[in-house]
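Here's the structure, in structure tokens; my notes come after.
It should be emphasised that the depicted structure is a prediction, and the values quoted were computed from it without experimental measurement. Order of the sequence lines fixes the chain letters, A, B, ..., with proteins taken first and strands second; residue numbering starts at 1 for each chain.
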2 protein chains.
Amino acid sequence: MAISSRFSVAAHILTLIHQSEGTRITSEYIASSVNTNPVVIRRILGMLSKAGLVRTSAGVAGATLARPLGEITMLDVYRAVQPEQEELFSMHEHPNPACPVGRNIQASLDGVFTGAQRALEAELASVTMEQVSLDVASRA
Amino acid sequence: MAISSRFSVAAHILTLIHQSEGTRITSEYIASSVNTNPVVIRRILGMLSKAGLVRTSAGVAGATLARPLGEITMLDVYRAVQPEQEELFSMHEHPNPACPVGRNIQASLDGVFTGAQRALEAELASVTMEQVSLDVASRA
DNA sequence: TTCGGCTGTAACTATACTGAGTACACTTGA
DNA sequence: TCAAGTGTACTCAGTATAGTTACAGCCGAA
């Protein structure tokens, strides 16, 4: 599965919440900054909420951070918006078990794929949303 | 964009060619091991050929390795079957330039995304197709 | 207690990509 | 010459995504 733009939108949302602390920002306001539909924002906000990164309450404008941005890594965000069982690499499904290669290729590739995915995730885990937010602020 | 199963099929194909050296293996034979349509194989074989990893000739059965498997990394294979400009991470397209966050978020995220992708690619570059082929053989 | 504003979610649409499959022209070697 | 195989264009079904409409439910201020 691709890494959808939900990921970048989620990072955008968290940055906005962070830099607007104290203000009540609605999904509509966020949507205008991201330039999309408020429902898209609410959907992603829902994922972030389920993952325990933000807190929202129905009927009340303004999401708040559930913990400081410094304690939220890009990997947390990535996992929050990425469908649970979605693997980054996809494998062809039913290789021929009658063939020595077909029978064993999956297991071999699985090791390589897992290693590569781990490397990517480790990199994401090394960056906090606070760094991102500060970086954005420093460019403004 | 997702990492399509073309990648795993391509690795499968190279392993088969390697372990069948000397024999003429047709796209139909490969297809039966991968368990798909011969055209799918020919398509991927075409990409591997364009990338200079294998050599084929129209009308003649049997692809051959253009260079030893030990000199072909998983990253080479990955790049061969991955559409050129396809980025792993996708970014939401037109954030609002009137917003300080919207104006700068892309540049900030781009750095993070690039780093993560580099980490993944470095991991893929560290594994050669020879290792994969040997690993498959050792399981047989 | 009413009411406007907002969230949460379901449902639908348009779009895009993928793997699979058909068809066929072209190449090659026996 | 001709059977076998490759290369490629075209089509199709399945699936994921972003965008959008619609609406029920919650909340707080007047």
Residue mapping more 5' on DNA chain D - nearest nucleotide basis, B/Ala63 or A/Arg43: B/Ala63
Side-chain touch B/Thr128/B/Met74, heavy atoms, less than 4.5 angstrom: no
Euclidean distance, atom CD1 of residue A/Ile41 to atom C1' of D/dT20 [Å, nearest integer]: 14 Å
Partner set under side-chain hydrogen bond (donor to acceptor under 3.5 Å, both in side chains) for B/Thr73, not counting sequence neighbours: B/Asp76
Close side-chain approach of B/Ile13 and B/Leu16, heavy atoms under 4.5 Å: no
Atom pair distance, as rounded to whole Å: CG in B/Leu48 and P in D/dG7: 11 Å
Smallest separation among heavy atoms of A/Gln106 and A/His92, with atom names: NE2-O, 3.2 Å
Sorted by number, the residues of residues 28-37 of chain B with heavy-atom contact under 4.0 Å to DNA chain C: B/Thr36, B/Asn37
Ring geometry between A/Phe7 and B/Phe89 (parallel below 30°, tilted from 30 to 60°, perpendicular above 60°): tilted
Any N/O pairs under 3.5 Å between the protein and nucleotides 22-30 of chain D? List them or say none.
none

Which nucleotide in C/dT7, D/dT6, C/dA20 has an atom nearest any side-chain atom of B/Ser27: D/dT6
Salt bridge (charged side-chain N to carboxylate O under 4.0 Å, His left out) involving B/Arg43 - partner list, sequence neighbours excluded: none
Residues that A/Glu121 engages under salt bridge (charged side-chain N to carboxylate O under 4.0 Å, His left out), provided they are two or more places apart: A/Arg79
Whole-Å distance separating the CE atom of B/Met47 from the C1' atom of C/dT18: 11 Å
Counterpart residues, salt bridge (charged side-chain N to carboxylate O under 4.0 Å, His left out), relative to A/Arg24 (two or more places apart): none
Length of the line joining A/Ile17:CD1 and C/dT7:C1', which is rounded to integer Å: 14 Å
Side chains of B/His12 and B/Ser33, donor plus acceptor under 3.5 Å: yes
Rounded interatomic separation in angstrom, taking CZ from A/Phe7 and P from D/dA18: 14 Å
Whole angstrom value for the distance that separates P of D/dT6 from NZ of B/Lys50: 17 Å
Donor/acceptor link under 3.5 angstrom from A/Arg6 side chain onto base of D/dA16: no
Phosphate OP1/OP2 of C/dT7: any A/Thr56 side-chain N/O under 4.0 Å: no
Distance in angstrom units between A/Glu93 CD and D/dT15 P, rounded: 12 Å
Rounded distance (Å) that lies between atom C1' of D/dA18 and atom CG of A/Leu45: 17 Å
N or O in side chain of B/Ser5 less than 4.0 angstrom from C/dG19 OP1/OP2: yes
